[in-house]
Novice: 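Submitted below is the structure of interest, expressed as structure tokens.
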Amino acid sequence: MPYIKIELTREGVSREQKRELITGVTNVITSVLNKDPKLTHVVISEIDTDNWGFDGEQISRLREKGITADKKD
């Protein structure tokens, strides 16, 4: 019984995007590990940006500076 936990900052992830993540991750686990999708659990945890940091800085402060994880085209 696979259990996959996805942790994201609590900002701008829509219900539809979460559904797509759950579906996509389930499909990968089914394809790569040959696991039953009915027994594959995916949990999305949303974390406040004040409670997440890297390089010694809170994500909330990085966002204030305009720094995001968005892809650059």
Novice: If you link ILVMFWY side chains whenever their heavy atoms are less than 4.5 Å apart, which other residues fall into the same cluster as L21? By chain and number, please.
Specialist: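 Hydrophobic cluster check, L21: joined to I4, I6, L8, V13, I22, V25, V28, I29, V32, L33, V42, I44.
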
Novice: Once you round to the nearest 0.5 Å, how far does CG of N51 lie from CD1 of I59?
Specialist: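 Answer for the CG-CD1 pair, N51 versus I59, is 11.0 Å.
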
Novice: Tell me every residue that passes salt bridge (Lys or Arg N to Asp or Glu O under 4.0 Å) with R61, counting only those two or more places apart in sequence or in another chain.
Specialist: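 Applying salt bridge (Lys or Arg N to Asp or Glu O under 4.0 Å) to R61 gives none.
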
Novice: Tell me every residue that passes side-chain contact (heavy atoms from CB on, under 4.5 Å) with D36, counting only those two or more places apart in sequence or in another chain.
Specialist: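 In terms of side-chain contact (heavy atoms from CB on, under 4.5 Å), with neighbours along the sequence ignored, D36 is linked to K38, L39.
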
Novice: If you look only at pairs with a residue in residues 22-33, which of them pass as a salt bridge (Lys or Arg N to Asp or Glu O under 4.0 Å), with sequence neighbours excluded?
Specialist: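 Matches after skipping sequence neighbours: none remain.
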
Novice: Hydrophobic side-chain clustering at under 4.5 Å (ILVMFWY, transitive links): who's grouped with Y3? Put none if nobody.
Specialist: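 Under the 4.5 Å side-chain rule, Y3 groups with V43.
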
Novice: Could you give all pairs that pass the side-chain hydrogen bond (donor to acceptor under 3.5 Å, both in side chains) test and reach residues 6-17, with sequence neighbours left out?
Specialist: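 Passing the test, one end in residues 6-17: K5-E7, T9-E11, E11-R63, S14-Q17, E16-R19.
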
Novice: What residues form a side chain to side chain donor-acceptor pair (under 3.5 Å) with E46, not counting sequence neighbours?
Specialist: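 Expected list: K18.
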
Novice: Is there any salt bridge (Lys or Arg N to Asp or Glu O under 4.0 Å) pair reaching into residues 47-57, and which pairs are they, with sequence neighbours excluded?
Specialist: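 For residues 47-57: E57-K65.
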
Novice: Report the residues that fulfil salt bridge (Lys or Arg N to Asp or Glu O under 4.0 Å) with K35, sequence neighbours left out, ordered by chain and then residue number.
Specialist: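 By the salt bridge (Lys or Arg N to Asp or Glu O under 4.0 Å) rule, K35 matches no residue at all.
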
Novice: With rounding to the nearest 0.5 angstrom, report the CG to CH2 distance, L62 to W52.
Specialist: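 Answer rounded to 0.5 Å: 12.5 Å.
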
